[in-house]
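Below is one structure, written out as structure tokens; comments come after it.
Counting starts at 1 for both ligands and their atoms, following the listed order.
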Amino acid sequence: MKALLLAGYRNLQIAELPVPDVGPDEVLVRVAACGICGSDVHGYDGSSGRRVPPLVMGHEAAGVVERVGAAVRSVNPGDRITFDSTVYCGECANCRRGNVNLCDRRQVLGVSCGDYRRAGAFAEFVAVPERICYRLPERLEFAEAAMLEAVAVAIHGVKLAQVPLGGTALVIGAGTIGILIVEALRAAGCARVLVTDVDQKRLALAKRLGATEILPSDPTLPERTLQLTGGEGADVALEAVGRDETVAAAIDAVRKGGTVVLVGNITPLVNLPLQKVVTRQIRLQGSCASAGEYPQAIEWMASGAIDVKPLITAVAPIEEGPRWFERLYAREPDLLKVVLAPNANS
Ligand SMILES: [Zn+2]
Ligand SMILES: [Zn+2]
């Protein structure tokens with residue numbers, strides 16, 4: 001089969017690889033669409049240490065079931081499906097608590113980090129366990145369905161934020177996840193959503209997709225948020241960047257007793273304004289991937305409550321993968337989600 005192989009750092013090639021074997025509880029998927037995630041771009045040059053070559057990356061995908069293992073019952077060949085990016089065991093203490101994103105034996109598709117190597121979906125076929133598969137409604141196109149993983153991540157953050165009824169949320173960062181958080185907040189009934197970013201075009205898109213107010217990303221952000229909330233601050237801030245300045249701004253912009261949900265983690269360490277967090281009794285809540293939000297994500301996308309189409313910059317055949325990775329890596333402006341279609345030319 002044809003695959004986009006990370007042969008070395010910053011070296012992607014179209015390669016011919018064997019079609020994966022399918023275990024008794026696994027499903028072989030003919031991949032129709034697979035999105036390029038920011039984490040793939042960060043792994044591409046070796047900086048994250050999570051994409052050790054040789055590796056087929058890709059964990060935001062959808063396609064058609066080609067073949068199923070002997071023990072598979074819930075999906076059949078021909079079904080249109082998507083699947084979780086996290087391969088969880090279903091048996092450890094965290095899985096039994098429902099926190100499948102925290103599984104002790106967690107693997108992520110298209111990741112190799114030293115502990116494990118798991119082939120991803122930038123290929124004509126990928127094998128995944130049945131338990132992570134979800135059937136897709138007819139009306140969802142594959143390219144949209146490839147966004148479900150990101151939508152589930154956004155919904156997970158919103159769920160953990162516990163925005164009070166009639167509350168105000170501030171979203172910091174209007175990249176793909178930030179904008180999807182805006183949409184998820186609105187779909188969940190949050191009436192007032194402020195959003196900030198350095199990029200005016202992204203802010204305009206966030207506004208079009210449901211943000212009620214947009215704010216410039218500069219040192220005045222906390223003050224402006226206070227002005228807009230009767231001097232109190234936002235009830236919750238969802239931080240979708242992960243740098244010193246943005247985490248500090250989130251802490252400054254929430255009210256006493258407010259919540260900061262930390263989703264972005266572009267840097268491994270940030271300075272924490274400890275006294276502000278303690279004396280203003282701020283709840284800091286990490287949010288990792290998703291845990292059971294796929295059905296909600298499918299429902300909201302199918303109903304139109306969450307619209308992902310404006311976030312898709314391009315759908316391209318897999319042969320164009322190397323070029324798109326370079327463009328994303330170079331941080332070319334105005335690029336949001338790029339979706340590769342491994343079976344487009346076959
Ligand atoms: Zn991702
Ligand atoms: Zn587990």
Side-chain angles (χ1 to χ4, degrees), residues 4 6 25-26 31 33-45 47-51 55-63 82-113 115-116 118-123 126 128-132 134 142-157 173 175-181 183-184 240-242 262-266 286-294 297 301 306 308 311-313 321 324-325 328-329 335-340:
L4 182 64
L6 184 71
D25 67 340
E26 284 189 322
V31 181
C34 183
I36 301 178
C37 177
S39 65
D40 294 324
V41 180
H42 291 301
Y44 171 62
D45 71 349
S47 56
S48 75
R50 308 247 318 146
R51 303 288 190 284
L55 176 71
V56 175
M57 302 190 282
H59 58 265
E60 305 177 347
T82 186
F83 39 85
D84 202 327
S85 58
T86 300
V87 179
Y88 45 86
C89 75
E91 288 162 9
C92 73
N94 284 308
C95 281
R96 276 184 279 127
R97 286 186 195 109
N99 300 329
V100 295
N101 54 336
L102 308 179
C103 172
D104 293 333
R105 290 189 279 272
R106 174 179 200 251
Q107 295 190 345
V108 180
L109 290 172
V111 166
S112 74
C113 54
D115 295 341
Y116 66 87
R118 180 107 205 181
F122 288 134
V126 64
V128 297
E130 174 189 19
R131 65 179 168 280
I132 68 168
Y134 296 88
F142 285 120
E144 291 176 86
M147 299 286 290
L148 270 164
E149 196 255 356
V151 173
V153 169
I155 296 173
H156 187 63
T176 304
I177 294 291
I179 291 177
L180 291 174
I181 287 173
E183 292 199 67
V241 183
L262 300 165
V263 183
N265 59 106
I266 203 160
S287 179
C288 174
S290 67
E293 283 86 1
Y294 272 77
M301 275 175 61
I306 289 185
V308 298
L311 298 176
I312 301 175
T313 301
W324 280 108
F325 262 86
L328 289 161
Y329 184 73
L335 298 182
L336 283 165
K337 184 61 72 181
V338 175
V339 177
L340 299 180

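Between the side chains of Ser112 and Arg50, no donor-acceptor pair is found at a separation under 3.5 Å.
Rounding to 10 degrees, one finds that the Zn ion (ligand 2) sits at the corner of an angle of 120° between Cys95 SG and Cys89 SG.
One finds the OG1 atom of Thr86 at 8.5 Å from the NE2 atom of His59 (value rounded to the nearest 0.5 Å).
Nearest N/O/S atom of His59 with respect to the Zn ion (ligand 1) is recorded as NE2. In Glu60, the N, O or S atom that comes nearest to the Zn ion (ligand 1) is OE2.
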### Message
Evaluate Arg106 against Cys288 for side chain to side chain contact (heavy atoms under 4.5 Å, CB included), listing each step before the verdict.
### Response
CA-CA 12 Å; Arg106 174 179 200 251; Cys288 174; 4.0 Å; yes
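With ring centers used as reference points, Tyr44 lies under 6.0 Å from Tyr329.
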